[in-house]
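On a predicted model such as this, the values are computed, not experimentally measured, just so you know. In what follows, every chain begins at residue 1, and chains take the letters A, B, ... in the order their sequences are listed.
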Amino acid sequence: MQYPTQIIKTVVNNFKNQYPEIEQIPAGIEPPPETETGDLAVALPMRAAGALQRSPREIATELSEMLKQRSELKSVEVAGPGFVNCTFTDSFLLKSVAKIIEQQTVEFPEPGSNKRVLIEFVSANPTGPLHVGHGRGAIYGDVLARLFEVFGYQVEREYYVNDGGSQIERLAESMLLRSRQAEGEAVELSEDHYRGDYLKEIVADSGISPGDSIETVARRGKEEIIAWIFSTLERFRINFDNTVYESEVAPPEAVGELVKRLEAEGLVRREDGATYLSTSKLGDDKDRVLIRSNGEPTYFANDLVYHLDKYNRGADQFIDIWGHDHHGYQQRLRSGLQALGCATERLEIELYQLVDLYRGGEPLQMSTRRGEFVTLDELIDEVGVDAVRFNFLTKNHNSPLDFDIEVATSQSEDNPVYYVQYAHTRLAGILRKADGQFDDVEPEDSLSEAGHRLVFKALGFVPFLQQTLAGREPHRITFWLRELARHFHTYYTAHRVVDPSAPAISARRLELVKFLKIIFKTGLDLLDVNAPERM
RNA sequence: GCGUCCGUAGCUCAGUUCGGAUAGAGCAGCGGCCUCCUAAGCCGCAGGCCGGAGGUUCAAAUCCUCCCGGACGCGCCA
């Protein structure tokens, strides 16, 4: 199936092929301003004027002659300084609509053709519950994964559990102190401990007593918290294909082998009893410690082993999704992987900015260590899964997100997610009302101007999603759905669909309704937000 | 100091990849619209030196340089 944008693009490319000097210039296919009547505008003539040494309008006229050959186009006009405005015929749009209704689904091209993509995200440390910031990264990763999937990629979602290192020791110490407190002993947790109340419950529930060994307590604590994290994620409709434990993938002997391998490359040096990788030779600011002077491997060393494991398992593309506070770590990891001979161009690191939480305008400081945070569970309790998923994608992932809990809950009635869901509900309501009574009526074969605009907008969904995937910007989906919902709500107010006195028009409009319902459902599915039949 | 990101309407933000026509939404404000498929909706009004200054060009919120303001990072933490 050919979407409208693709048809214009094909012609413009044919045009460009006649003139090698403009082959590299982007076509500039975009929506015209609303005051213009066209579906799409082409800005190429103005961009090409310099290279072709001709006036933009002259080029535009030549291009418009080529576009006029296409039977799908009703009108092609040169406008303004050298735009070409194109409008599609109703019959072409309606043919696409009929096809989608017949298939009951939107057709996606499959540029992925089963290429394998491994997306690692969330990967929160098992020292406390997920907080709101983790939720943002979780949604970003999950919807990005869904986008890859619809375009034919084979996606694996992976969670890396950092269940080693000093943080786990500190977790166990914190739990032991809590268990002593529970028995009435007057001991205090220090700055370095995890001081959230949740540890009291975990200690009580898992029967930890002061006499237990640190290893036992660490194991019990990790298990409890990991289970908790995954149950929260499941509530949030996020499931992983792989869970990789640092303790399993990066045992001491694996780190030893890693060091040997890097030593053979001549990239290892020792200083003050520590083992360094010479990452500064590979673009990093300075060399990085692999093995500390106390013999313990660093997080970095383990992480290299883990990434090496990923490469060994194989994928065409690896995507790591990190909080922006880790941005300074990127170069270190890339340099390390380069030292190991990994194809670093296959690794993509996407950073998301953290969430600043407010309650009634007052900022809330978040720290797992101090135990001050709003958990993702609490947020879901207050706001609901659909609203949280949707709202976390109402801002570009590399801008910080201000989230005011009071506003989010108090405004729950005019939350953007309901605006979109309501559009779907209205569509469902119309179909209930019609109840098949126009099924045998031949629909009118033309569209009103408003209907034309609405259909054209909706047919742009798949090409739009392709751009969204290419830019790794799933948040655009929520904006696009709001726009389509706005177009539809306007249309709905002005056009009565079910009208027994005008059966041909009703039949035509019902086709539009069926079509739009599929588009909304597809979009909401992509976000894994409910598409309700009634609200 | 160096690095990454952000700065657009009173507030929260799209738009910056890939430069296009008069810069868009939502919320808050003001005024209208339900004998009719759900008013969780629609229509209208008002609201802008796109942080600032230069530069590139037919054209800059978008590209380049510098500056100002904010967040984060720069460990033998993870």
Between CG of A:Leu401 and P of B:G26 the distance, given in whole Å, is 20 Å

Ordered by number, residues from residues 460-480 of chain A within less than 4.0 Å of RNA chain B (heavy atoms) are A:His475, A:Arg476, A:Phe479

* Relative to each other, are the rings of A:Phe464 and A:Trp480 parallel, tilted or perpendicular (30° and 60° limits)? -> parallel

A correct 5'-to-3' footprint of nucleotides 39-45 of chain B, with B, S and - meaning base, sugar-phosphate only and no protein heavy atom under 4.0 Å, is SBSSS--

Quick tally for nucleotides 68-73 of chain B: nucleotides whose base has a protein heavy atom under 4.0 Å get B, sugar-phosphate-only ones S, the rest -, giving ----BS

Salt bridge or not for A:Lys310 and A:Asp320, using N-O below 4.0 Å?
yes

The side chain to side chain contact (heavy atoms under 4.5 Å, CB included) partners of A:Asn391 (sequence neighbours excluded) come to A:Ala387, A:Thr394, A:Phe403, A:Asn415, A:Pro416

Its dot-bracket string being built from Watson-Crick and G-U pairs below 3.5 Å, with | for another strand and [ ] for crossing, RNA chain B has the pattern (((((((..((((......[...)))).(((((.......))))).....(((((..]....))))))))))))....

| query | Do the side-chain N or O atoms of A:Arg292 get closer than 4.0 angstrom to the phosphate oxygens (OP1, OP2) of B:A78? | reply | yes

Legend entry - Ring-face cation of A:Arg482 near A:Phe479 (centre distance under 6.0 Å, axis angle within 45°): yes

With the criterion being N/O to N/O and under 3.5 Å, what pairs connect the protein with nucleotides 58-62 of chain B, and how long is each?
{"from": "B:C58", "atom 1": "N4", "to": "A:Met46", "atom 2": "O", "distance (Å)": "3.2"}

In this structure, CD1 of A:Ile214 is separated from CG of A:Leu171 (nearest 0.5 Å) by 9.5 Å

